[in-house]
Amino acid sequence: MDFQAVKGTRDFYPAEMAVRNYLVDAWRRVSLRNGFEEFDGPVLEYLDLYRVKSGDEIVSQLFAFTDRGGRQLAMRPEMTPTLARMINARVNSLPRPIKWFCLSNVFRAENPQRGRSREFFQWNIDIIGSDQALADAEGVFVAVDLLAELGLASNDVVVRYSSRRLLAAVLTGLGLAADAIPAVLAVLDKRGKLPDPAFAEMLEKVVPAEDTRESIRKFLDLRQMESAEELAADLCILASEELRLALEDLRQFQQALRSFGIEAWCRYDTGIVRGLAYYTGIVYEIYDRSETLRALAGGGRYDNLLEVLGGPKIGATGFGMGDVVLGILLAEKGKLPDLASRLDCFVVTGEAALQDQVLQTVGALRRGGVATDFSPKARNLSKLLKDAAGRRARYAVIVRAESLAVKNLTTGEQIDVPAGEFLRQPKKFLA
RNA sequence: GUGGAUGUAGCUCAAUUGGUUAGAGCAUCGGGUUGUGGUCCCGAGGGUUAUGGGUUCGAGUCCCACCAUCCACCCCA
């Protein structure tokens, strides 16, 4: 039988593992320096956890099964429900705002293609317990901090954001019923992803009135914010309190982006709606500027989710970023550093009789925290140095009867050192 | 889940209209250049041509199925 990796999953050979670790290490480093704490949960959750949040249709898109005890389980397709469940369980004892992150593998039973696989690693950043747009902006800051950490600049990527709250307020002002709005949002999410005529047709289905559609288009074409009064006048609607509040929220968000010094990375874009229903405020997605790839990250405010999952109503905001698209972008931009593993020392000897001293030297160096290896085969010195170079060691330590020679394999310089002196303080010689 | 394209050593590719034991480079391993390195030279291993059927005297090449990958839909938490 010939086995291969399951469709949509990836094997991580050392070269790929190095890339994955490079990303995960950066995610963790950036999270910690932004004041977030790490958590994780189980890979398996009750299927209902996802049903409650997203409805039955989601079930066909995740890996689910019934265990021998008759429980309906699913492999986690995302971390937010797990996070909400964990927060809810201890909500009264956790100091707020809660700033947590996780680096977790998630599973989706969708058809794999470029930038999309069935198992991938996702970095999640969430701030729970703050209603301020400042928290949304802080999420964006963390994302930008990470991208910059990996060598990307504001001309490589863009954070496109908008406010679903404002959009909902406008739609309400245009006379749409509350229960009709989600369907309209779903259609608006398709704008720019569909050909214009197809989009127009879909919009016509959910918004029959032509003048209303015209106002929606006018709003979508806005590139900068006006006052609530001007906006209301432009769209021929009443400047409701909710419209004012939504606009004020968006302004605070933008002000925070400026204060954080990341406005050059960000662009207001009404085309950002986000597919799922639970977003309630600021939403954003991050794209490469050439827009040839899928979104690098997406997120926003979800003030109702904890309540939906049986907890109190607490404001929450956050984003998720996957490893697949990010890895592709960094590779394309040539931003992945040389990640091949390196040794500090490779210990060799030209005399087979000294093999025992080679092992003693190796042991001493390793105990001293020096990444060290050797060749298990006794060979001539020329071959052994070839081995050392092949392993990308920085230094070759040549064991001789009377002393050690430490050879810098980058410069070719070589010095003789008494063995005892070297082994007492090896790092002195390995600058 | 639907549609299209692709599938020959670990990787990149060869193989005349179907015609002998499917080749090369790189990589890997071994050896030599007789004890100081990534060069050079020699050699070896590795493929039931993704897999399973079928047509044919004969299939890497044609047909069908299946698996996987890529692309486009669906979806995107």
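All of these numbers come straight from a predicted model, not from anything done at the bench. Lettering follows sequence order; numbering is per chain, from 1.
Distance, A:R76 CZ to B:A77 C1': 14 Å, rounded to whole Å. Computed from coordinates, the A:R114 CZ to B:C75 P distance equals 22 Å when rounded to whole Å. For the pair A:E45 CD and B:A77 P, the computed distance is 19 Å after rounding to whole Å. Rounded to whole Å, atom P of B:A77 lies 10 Å from atom CD of A:Q122. If you measure from atom CD1 of A:I286 to atom C1' of B:C76, you get 16 Å, rounded to the nearest angstrom. If you take CG of A:L381 and P of B:G37, they are 9 Å apart, rounded to a whole angstrom. Nucleotide B:U2 holds its P atom 15 Å from the CD atom of A:E110, rounded to whole Å. We find that CG of A:L384 is positioned 10 Å from C1' of B:G35, with the value rounded to whole Å.
One C1' atom belongs to B:C13, the other to B:G60, and the distance between them is 14 Å to the nearest Å. Comparing B:G7 with B:A65, their C1' atoms sit 15 Å apart, to the nearest whole Å. To the nearest whole angstrom, the two C1' atoms, one in B:G54 and one in B:U61, are 15 Å apart. Atom name C1', nucleotides B:G46 and B:G25: the rounded distance is 15 Å, in whole Å. For the C1' atoms, the distance from B:C67 to B:A50 is 7 Å, rounded to whole Å. Using C1' as the reference atom, B:G52 and B:U12 are 28 Å apart when rounded to the nearest Å. Distance noted for atom P between B:G45 and B:G31: 16 Å (whole Å). Comparing the P positions of B:C63 and B:U6 gives a spacing of 11 Å, expressed to the nearest Å.
Taking only side-chain atoms of A:Y279, from C-beta outward, the nucleotide of B:U36, B:G38, B:A77 with the closest atom is B:A77. Residue A:E351 places its side chain closer to B:G35 than to any other of B:C70, B:G35, B:U36. If you check B:G37, B:U36, B:A72 against the side chain of A:A389, the one that comes closest is B:G37. Here the side chain of A:P77 is nearest to one of B:U36, B:A77, B:C75, namely B:A77. Among the nucleotides B:C76, B:G37, B:C75, the one closest to the side chain of A:Q61 is B:C75.
With both pairing distances under 3.5 Å, B:G37 is matched to nothing as a Watson-Crick or G-U wobble pair. Base pairing of B:A59 is not made with any nucleotide, judged by Watson-Crick or G-U wobble geometry with both donor-acceptor distances under 3.5 Å. Across all strands shown, B:A5 pairs with B:U69; the Watson-Crick or G-U wobble distances both stay below 3.5 Å. B:G43 is paired with B:C29 under the Watson-Crick or G-U wobble criterion, all donor-acceptor distances under 3.5 Å. In this structure, B:C74 makes no Watson-Crick or G-U wobble pair, since no nucleotide meets both defining distances under 3.5 angstrom.
Residue A:G318 is classed as having no contact, given no heavy-atom separation below 4.0 Å to the nucleic acid. A:R400 comes within contact range of at least one nucleobase, with a heavy-atom separation under 4.0 Å. Nucleic acid contact class of A:K7 (heavy atoms, under 4.0 Å, all strands): sugar-phosphate only. Among the protein residues, A:L62 comes within range of no part of the nucleic acid, since none of its heavy atoms lies under 4.0 Å from any strand. Note on A:D387: nothing from the nucleic acid sits closer than 4.0 angstrom, heavy atoms only. Among the atoms of the strands shown, none is found under 4.0 Å from any heavy atom of A:G298.
Listed pair A:Q4 / B:C67 fails the phosphate criterion, with no side-chain N or O lying under 4.0 Å from OP1 or OP2. Side-chain N/O atoms of A:R274 include one lying less than 4.0 angstrom from OP1 or OP2 on B:A77.
For the residue pair A:N124/A:Q122, the side-chain donor-acceptor check at 3.5 Å is satisfied. Inspection of the A:S162 and A:D269 side chains reveals no N or O donor paired with an N or O acceptor under 3.5 Å. Side chains of A:T82 and A:E45: a donor on one and an acceptor on the other come within 3.5 Å. Side-chain atoms of A:R76 and A:N105 form a donor-acceptor pair, as typed in the model, at a separation below 3.5 Å. Side chain to side chain, A:E78 and A:Y50 fail the donor-acceptor criterion of an N or O pair below 3.5 Å. Between the side chains of A:W123 and A:S31, at least one donor N or O lies within less than 3.5 Å of an accepting N or O.
Residues A:R165 and A:T280 share a closest heavy-atom pair of CB-O, 3.4 Å. When every heavy atom of A:R118 is checked against every heavy atom of A:N111, the shortest pair comes out as NH2-OD1, 4.2 Å.
Judged by closest nucleotide on RNA chain B, A:R118 is the one of A:R118 and A:T410 placed further toward the 5' end. Projected onto RNA chain B by closest heavy-atom contact, A:K407 and A:A109 fall at different nucleotides, the more 5' of which corresponds to A:K407.
The base of B:C70 has none of its N or O atoms less than 3.5 Å from a complementary donor or acceptor on the side chain of A:R116. No hydrogens or angles were tested; on distance alone, a donor-acceptor pair under 3.5 Å links the side chain of A:Q414 to the base of B:U36.
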